[in-house]
Colleague: 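Got a structure for you, questions after.
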Amino acid sequence: MKYEHRIIEPKWRKHWEEKPINQPAEDKPKYYCLDMFPYPSGSGLHVGHWRGYVLSDVWSRYKVLQGYHVLHPMGWDAFGLPAENYAIQKGEHPAVCTAENIRNFKKQLRDISAIYNWDNEVNTTDPDYYRWTQWIFVKMFEAGLAYEKEMPINWCPSCKTGLANEEVKDGGCERCGTEVTKKNLRQWMLKITAYADRLLNDLEKLDWPEKVKKMQADWIGKSFGAEVDFKVDGREQSIRVFTTRPDTLYGATFMVLAPEHTLALELATDQYKAEVEKYIFDTSMRSSVDRMQSKEKTGVFTGSYVLNPFSGEKMPIWLSDYVLIDYGTGAIMCVPAHDERDFEFATKFGLPIKQVIAKDGEVSELTEAYTEAGIMVNSGQFNGMDSEKAKEVISDYVETQKIGQKTVNFKLRDWVFSRQRYWGEPIPIVHCPKCGPVAVPVEELPVRLPDVKSYEPTGTGESPLAAIDDWVNTTCPKCGGHGKRETNTMPQWAGSSWYFLRYPDAGNDQALADPEILKKWLPVDMYVGGIEHAVLHLLYSRFYTKFLFDIGAVSFEEPFTRLFNQGMIGKNGAKMSKSKGNVVSPDELVENYGSDSLRMYELFVGPPELDAEWDDKGIDGVYRFLNKFWNLITENIGKNGQETKESLKLRHQLIYEITERLNTFRMNTIVSSFMEYTNKLTDYAKKEALDQKTMETMLILLAPLAPHIAEELWEQMGHTVSVFENKWPEYDKELMKEDSLNIPIQINGKMRGMISVPADSAKEFVLETAKAEVAARLEGVTLVKEIYVPGKIVNLVIKE
RNA sequence: GCGGAUGUGGCGGAAUUGGCAGACGCACUAGACUCAAAAUCUAGCGGGAAACCAUGUGGGUUCGAGUCCCACCAUCCGCACCA
């Protein structure tokens, strides 16, 4: 007898839609389980997307059975480049394709019967939604956190838009891989750096994978040190550098400025002017990728000197592109003895190397930079001091001598927030010749995205919106005079940085969400999604949440309490993608095997946090299992089996296995446990019919994984309410115990036999039985030691 | 270069955290059923004739190591001149 997934799955899908399993109740605690929402692409969902969605659905259903009222919503990250590019390619308006794609995605999502709260659906392109995306921007503008700046930014020549630093990977565009160039553009920036410390410090509160926390911490890149002024020889001017190693100040023998440094040209003496000019020009022509790849040091001497405030020595000033203009002060003091890069530079250009830290206080011939801590030498009054201590002492000294100050530096840069593309939220700003940039009053939001004839990117640094004169020209909200609308749009991240706040109160037209409702549901208890957003979406969302906390719009500072990153699914050794032609669509699998089988295979394919290889044959295994399971239960319904010691034991062992593995997110082993125990119970059922309670327990445990089959069998057992009305069963360790134990016997750590003894046997008895079992091997040897680990193993140590 | 993760049969992977390595499944082999095939069922399935050898390699700790420690190799990921 085969189970008919084509009949029972639609039946229960319909049933759950009419009577949701996840009913609110006064006394139920809340649980907010969230998936990273997809952008609705034209190719639909593939089995890789399903993996995360199945995980979160299993988790949600488990939480329902544990008595929580679960919020498990879904929505659409529908603005942005992918949607727009797809629309351009199809020659349809993005709004049209997006709506169509959403319909398709929704149908697919329904097919796994994920218990999404569709009443709470959000769509970032809905004006009722992006009204609040714009509202947040206005609030940031009012707080001085959104500002305009003209500066060289990362520009993708293929996407024809500016990018945030976070969107550049290996010198290429995060979306399309095209090499990023620099372009001088007027930009809207968000001052995420104002939150650097909080974004860093609060990481420790989060139950997130260490890897993601570390990636964010490295991205924020906080380092402690000092800024120190070096007087230019023969001038009144001085140059400020940042260093994390004030302990090496005595060893600074030269200085290097970034070629873009404002003083670079000015410092060049007549003799060196031409060379300096050439170097500055050459550097400006090099691409960032080129600069990144060749680490061979280049540089040029300016002819000028600074004076080392500690040693008093004259230090030549050089220019080199290994010094970055946008970190620290764009100038460094060079200590070749104790910094690898400086050592390389000094060696190449024949600059002096002066050791000021030595391992044991003994100066030695350096063949490479000594970068570790040690004892101070050649450092005047600080000689003999531990260098770690000297960091502190010399920093203090710098401050008291008023030649600098202790400083903290971050790698994090402000967020380039404007995009020169059509399909995004208009930035709600009017440029007034008299008042400057003025925010559109919040009661006039949303600023709707107008229709436009050509929504293709212009590539000029202007967005397509700039071509719509009657939209661009407007009145200044402040003075009523003529003004022009901002024509840049927001990046895709704008809508996704706060969507999790909208779900619990998706229809609210008074605020982004009701504070009381937010208080109830937020923060998100479990957030499931891919690792690719480690420093993009996840950092931006944390920043938005902290800002909204500061203006009193929300009452918590971190949006996602727990994060789980599922691994990617690949095929033929590659990530699934349309271009590689290795995409496996779930639709056919649902049709042929049913959603229960697909769900279980998604779990069974491998440890959820690791990447996995899709095996087309693999789903056969879980399909066979579900058939076996079906047969086992249907054959035992109505047989009136009685509970036995054996069935009670197996039942409690099963509850234990499933519960513990669920709690630790070892989903692949849940499926194997289920298979194992189904095999055991099938053997058992050959002798003795399964009792009611055992069968019911099996169904409740299976329900989160394979809800349709569990629900159907539950009904066939005679129940009239859903299997999800049950409480998750509990196990009793006493009842799990075996009557007899199989104890392996080792001699000198090698397996030599096996005995079976009653579970409560005394040590002496076990050892005697064990020795009798391997008696032949004990003849003529000395027994040195007898080890018995209760219930586990016997090891006899002998000497020949 | 720096940092992190991973490494177990033909394949995906288990191993109660130091105690029977290879659970569970895929693939494969043989048998049953069938005119035949599919499906299903039964049995087998790391290597070796065996003693034994096997968890990337080499050491170490331990009565006992896939698990702990040291060194190395390979693969993947992140960062990449951040002073």
Side-chain angles (χ1 to χ4, degrees), chain A residues 1-2 169-171 209-212 214-216 218-219 221-223 225 241-245 248 252 255-256 258 291-297 320-324 326-335 338-342 344-345 371 409-413 531-532 534-535 568 600-601 604-607 609-625 627-628 631 656-657 660-661 666 668-679 736 742-754 784-798:
Chain A
M1 196 27 209
K2 272 172 95 170
K169 291 244 168 340
D170 290 327
E210 287 307 315
K211 180 180 178 164
V212 177
K214 187 164 186 314
M215 280 169 75
Q216 292 210 355
D218 287 351
W219 189 259
K222 184 177 190 176
S223 54
V241 301
F242 171 69
T243 180
T244 55
R245 295 292 305 273
T248 64
M255 176 177 276
V256 176
R291 224 169 131 166
M292 237 156 61
Q293 275 165 355
S294 66
K295 291 199 175 162
E296 178 70 30
K297 296 276 177 295
S320 175
D321 65 2
Y322 84 92
V323 176
L324 308 172
D326 56 0
Y327 183 77
T329 62
I332 60 169
M333 64 171 208
C334 295
V335 186
H338 305 293
D339 181 279
E340 281 169 31
R341 297 149 302 183
D342 297 347
E344 199 190 324
F345 194 85
T371 56
N409 249 302
F410 292 95
K411 288 191 205 174
L412 185 70
R413 297 277 81 99
I531 187 95
E532 65 272 18
V535 284
M568 244 175 27
M600 288 197 87
Y601 183 60
F604 193 51
V605 72
E609 70 281 8
L610 298 182
D611 290 350
E613 175 79 8
W614 188 264
D615 176 5
D616 287 324
K617 279 284 179 187
I619 196 171
D620 285 320
V622 289
Y623 182 66
R624 282 175 202 141
F625 158 73
N627 272 297
K628 266 187 227 169
N631 290 335
Y656 171 80
E657 292 288 337
E660 291 307 310
R661 286 159 195 259
R666 291 178 297 160
N668 54 325
T669 66
I670 294 178
V671 180
S672 20
S673 275
F674 238 115
M675 289 170 168
E676 192 184 333
Y677 278 88
T678 301
N679 291 343
M736 286 162 50
N742 289 326
I743 304 290
I745 305 158
Q746 295 184 333
I747 294 178
N748 288 351
K750 291 195 190 289
M751 272 293 297
R752 289 299 182 231
M754 179 77 82
V784 184
K785 205 170 172 186
E786 301 172 19
I787 295 157
Y788 173 53
V789 183
K792 301 258 192 205
I793 204 163
V794 169
N795 193 10
L796 304 173
V797 186
I798 61 165

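Below, read A as the first sequence line, B as the second, and so on, with proteins coming before strands; counting in each chain starts at 1.
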Colleague: So, A:R661 side chain and A:S673 main chain: donor-acceptor pair closer than 3.5 Å or not?
Modeller: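 Answer holds: no.
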
Colleague: Under 4.0 Å, heavy atoms only, any strand: does A:M333 hit a base, just the sugar-phosphate, or nothing?
Modeller: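 The residue A:M333 makes no contact with any strand.
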
Colleague: Roughly, in whole Å, what's the span from CE in A:M751 to P in B:C20?
Modeller: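 So the two atoms are 9 Å apart, to the nearest Å.
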
Colleague: Under 4.0 Å between any heavy atoms, over every strand shown, what does A:K617 touch: base, sugar-phosphate, or nothing? Just pick one.
Modeller: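 Sugar-phosphate, backbone atoms only, no base.
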
Colleague: Any side-chain N or O of A:R666 below 4.0 angstrom from OP1/OP2 of B:A15?
Modeller: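 Looking at the OP1 and OP2 atoms of B:A15, one of them is under 4.0 Å from a side-chain N or O of A:R666.
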
Colleague: Please state how far atom NZ in A:K785 lies from atom C1' in B:C63, giving the value in whole angstrom units.
Modeller: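 Whole-Å distance recorded here is 5 Å.
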
Colleague: I want to verify the glycosidic state of B:G9; is it syn or anti under the 90° rule?
Modeller: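 Syn, since the glycosidic angle lies within 90° of 0.
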
Colleague: Between A:Q216 (side chain only) and A:A534 (backbone N and O only), is there a donor and an acceptor less than 3.5 Å apart?
Modeller: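 Yes; at least one donor-acceptor contact below 3.5 Å.
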
Colleague: Rounding to an integer number of angstrom, what distance separates B:C69 and B:A5 when you compare their P atoms?
Modeller: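 Roughly 12 Å separates the two P atoms.
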
Colleague: Taking the side chain of A:K792 as heavy atoms from C-beta outward, which of B:U40, B:G19, B:C41 is closest to it?
Modeller: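 Nearest to the side chain of A:K792 among the choices is B:G19.
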
Colleague: The side chain of A:R661 lies closest to which of these nucleotides: B:C24, B:A83, B:A15?
Modeller: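 Selected nucleotide: B:A15.
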
Colleague: Please report the distance, rounded to the nearest Å, between CG in A:L610 and P in B:C76.
Modeller: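 Rounded to the whole Å, the gap is 16 Å.
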
Colleague: How close or far is atom P of B:G64 from atom CD of A:E786, stated in whole angstroms?
Modeller: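 The answer, rounded to whole Å, is 16 Å.
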
Colleague: Base, sugar-phosphate alone, or nothing: which one does A:N409 contact when heavy atoms must sit under 4.0 Å apart?
Modeller: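 It contacts nothing in the nucleic acid.
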
Colleague: Rounding to an integer number of angstrom, what distance separates B:A39 and B:C26 when you compare their P atoms?
Modeller: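 The same atom, P, in both gives a distance of 12 Å.
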
Colleague: I'd like the P distance from B:A71 over to B:C2, given in whole Å.
Modeller: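 Rounded to whole Å, the distance is 14 Å.
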
Colleague: B:G48 and B:U6: how far apart are their P atoms, nearest whole angstrom?
Modeller: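 Nearest-Å result for B:G48 against B:U6 at atom P: 32 Å.
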
Colleague: Any sub-3.5 Å donor-acceptor pair from A:R413's side-chain atoms to A:F410's backbone N or O?
Modeller: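 Yes; at least one donor-acceptor contact below 3.5 Å.
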
Colleague: So which nucleotide from B:A14, B:U16, B:C52 ends up closest to the side chain of A:P607?
Modeller: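 Nearest nucleotide to the side chain: B:A14.
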
Colleague: Could you give the distance separating B:U55 and B:G47 at their C1' atoms, to the nearest angstrom?
Modeller: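 Straight-line distance between the two C1' atoms is 14 Å.
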
Colleague: Measuring only the P atom in each nucleotide, how far is B:A51 from B:C70? A whole number of Å is fine.
Modeller: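 Comparing P positions in B:A51 and B:C70 gives a spacing of 37 Å.
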
Colleague: Would you classify A:N795 as touching base, sugar-phosphate or nothing, given that sugar-phosphate means primed atoms plus P, OP1 and OP2, and contacts are heavy atoms under 4.0 Å?
Modeller: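 Since a base atom lies under 4.0 Å of A:N795, the category is base.
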
Colleague: Under 4.0 Å, counting only non-hydrogen atoms across every strand here, what does A:R413 touch: a base, just sugar-phosphate, or nothing?
Modeller: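 Counting heavy atoms under 4.0 Å across all strands, no contact is made by A:R413.
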
Colleague: Check whether A:N668 reaches the backbone of A:V605 with its side chain - one donor and one acceptor, N or O, closer than 3.5 Å.
Modeller: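 Side chain of A:N668 to backbone of A:V605: no pair is present.
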
Colleague: Can you say whether a donor on the side chain of A:E340 sits under 3.5 Å from an acceptor on the base of B:G1, or the other way round?
Modeller: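 Answer no: no donor N or O sits under 3.5 Å from an acceptor.
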
Colleague: By nearest atom, which of the nucleotides B:G19, B:G25, B:A23 is closest to the A:N679 side chain?
Modeller: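 Closest nucleotide among those given: B:G25.
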
Colleague: In the structure shown, which nucleotide is the Watson-Crick or G-U wobble counterpart of B:U29, with both distances under 3.5 Å?
Modeller: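 B:A43 is the nucleotide pairing with B:U29.
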
Colleague: So, taking the atom named OG1 in A:T329 and the one named CZ in A:F242, what distance separates them when rounded to the nearest 0.5 Å?
Modeller: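 One gets 9.0 Å once the value is rounded to the nearest 0.5 Å.
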
Colleague: Once rounded to the nearest 0.5 Å, what's the spacing between atom CG of A:D339 and atom OG1 of A:T248?
Modeller: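 So the CG of A:D339 and the OG1 of A:T248 are separated by 8.0 Å.
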
Colleague: Counting side-chain heavy atoms from C-beta on, which of B:G25, B:A83, B:A80 comes nearest to A:T243?
Modeller: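 Nearest to the side-chain atoms of A:T243, counting from C-beta on, is B:A83.
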
Colleague: Can you tell me the distance, in whole Å, between the OH atom of A:Y677 and the C1' atom of B:U16?
Modeller: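 That distance rounds to 11 Å.
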
Colleague: Among the candidates B:A15, B:A80, B:G25, find the nucleotide nearest to the side-chain atoms of A:F604.
Modeller: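 Comparing B:A15, B:A80, B:G25 against the side chain of A:F604, the answer is B:G25.
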
Colleague: Just checking A:V789: base, sugar-phosphate only, or nothing, at a heavy-atom cut-off of under 4.0 Å?
Modeller: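 Contact class for A:V789: base.
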
Colleague: Using a 4.0 Å heavy-atom cut-off across all strands, classify A:V605 as base, sugar-phosphate, or nothing.
Modeller: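 It contacts sugar-phosphate atoms only.
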
Colleague: Please classify the nucleic acid contact of A:S673 as base, sugar-phosphate, or nothing, using heavy-atom distances under 4.0 Å.
Modeller: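 A:S673: no heavy atom of the nucleic acid under 4.0 Å.
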
Colleague: Going by a 90° cut-off around 0, is B:U17 syn or anti?
Modeller: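 Syn, since the glycosidic angle lies within 90° of 0.
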
Colleague: Among B:A83, B:C77, B:C24, which nucleotide has an atom closest to any side-chain atom of A:K211?
Modeller: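 Per side-chain heavy atoms of A:K211, the pick is B:C77.
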
Colleague: Check this one for me: any side-chain N or O of A:Y322 less than 4.0 Å away from OP1 or OP2 of B:A83?
Modeller: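 It does not, given that no N or O in the side chain of A:Y322 lies less than 4.0 Å from OP1 or OP2 of B:A83.
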
Colleague: Whole angstroms only, please: what is the CZ-P distance between A:R752 and B:C63?
Modeller: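 Rounding to the nearest Å, CZ of A:R752 and P of B:C63 are 19 Å apart.
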
Colleague: Where the side chain of A:L324 is defined as all heavy atoms beyond and including C-beta, which of B:G25, B:G19, B:A83 is the nearest nucleotide?
Modeller: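 Among B:G25, B:G19, B:A83, the one nearest the side chain of A:L324 is B:A83.
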
Colleague: NA contact type, A:E613, heavy-atom cut-off 4.0 Å: base, sugar-phosphate, or nothing?
Modeller: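 The answer is nothing, as A:E613 stays clear of every strand by at least 4.0 Å.
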
Colleague: Nearest 0.5 Å, please: how far is OH in A:Y322 from NZ in A:K297?
Modeller: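 OH of A:Y322 is found 6.5 Å from NZ of A:K297.
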
Colleague: Within the 4.0 Å heavy-atom criterion, would you say A:N668 contacts the bases, only the backbone, or no part of the nucleic acid?
Modeller: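 Here A:N668 touches the backbone only, sparing every base.
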
Colleague: To the nearest Å, how far apart are A:D611 CG and B:G12 P?
Modeller: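 Those two atoms, CG and P, are 13 Å apart.
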
Colleague: State which of B:A27, B:A15, B:A83 makes the closest approach to the side chain of A:V323.
Modeller: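 Among the listed nucleotides, the one closest to the side chain of A:V323 is B:A83.
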
Colleague: Take atom P in B:U17 and the same atom in B:A38, then report the distance between them in whole Å.
Modeller: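 Looking at atom P only, B:U17 and B:A38 are 45 Å apart.
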
Colleague: Closest heavy-atom contact between A:I798 and A:V784?
Modeller: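 For A:I798 versus A:V784, the nearest heavy atoms are C-CG2, 4.0 Å.
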
Colleague: If you pin A:K214 and A:P744 to their nearest nucleotides in RNA chain B, which one's is more 5'?
Modeller: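 Result: A:K214.
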
Colleague: Where the side chain of A:M215 is defined as all heavy atoms beyond and including C-beta, which of B:U40, B:G78, B:C24 is the nearest nucleotide?
Modeller: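 Of the options given, the side chain of A:M215 lies nearest B:G78.
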
Colleague: For A:V335, is there any backbone N or O sitting under 3.5 Å from a side-chain donor or acceptor partner on A:D342?
Modeller: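 Checking the backbone N and O of A:V335 against the side chain of A:D342, a donor-acceptor pair under 3.5 Å is found.
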
Colleague: On RNA chain B, does the nearest nucleotide to A:G749 precede the nearest nucleotide to A:F242 from the 5' side, or the other way round? Give the residue.
Modeller: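 Result of the comparison: A:G749.
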
Colleague: Roughly how many Å apart are B:U34 and B:G44, using the C1' atom of each and rounding to a whole number?
Modeller: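 That atom pair is separated by 23 Å.
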
Colleague: Just by distance, no angles: are the side chains of A:Y327 and A:S223 close enough, under 3.5 Å, to form a donor-acceptor pair?
Modeller: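 Present: a donor and an acceptor within the cut-off.
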
Colleague: OP1 or OP2 of B:U40 versus the side-chain N and O atoms of A:R624: is any pair under 4.0 Å?
Modeller: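 Answer is yes, contact under 4.0 Å.
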
Colleague: Need the pair for B:A5. Rule: Watson-Crick or G-U wobble, both distances under 3.5 Å, any strand; none if unpaired.
Modeller: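 Result: B:U75.
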
Colleague: Can you find a donor-acceptor pair, distance only, under 3.5 Å between A:K297 side chain and B:C81 base?
Modeller: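 Indeed there is one.
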
Colleague: Is any side-chain N or O of A:S223 closer than 4.0 Å to OP1 or OP2 of B:A83?
Modeller: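 Yes, such a contact exists.
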
Colleague: Using a heavy-atom cut-off of under 4.0 Å over every strand shown, decide if A:K750 touches base, sugar-phosphate, or nothing.
Modeller: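 Sugar-phosphate, backbone atoms only, no base.
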
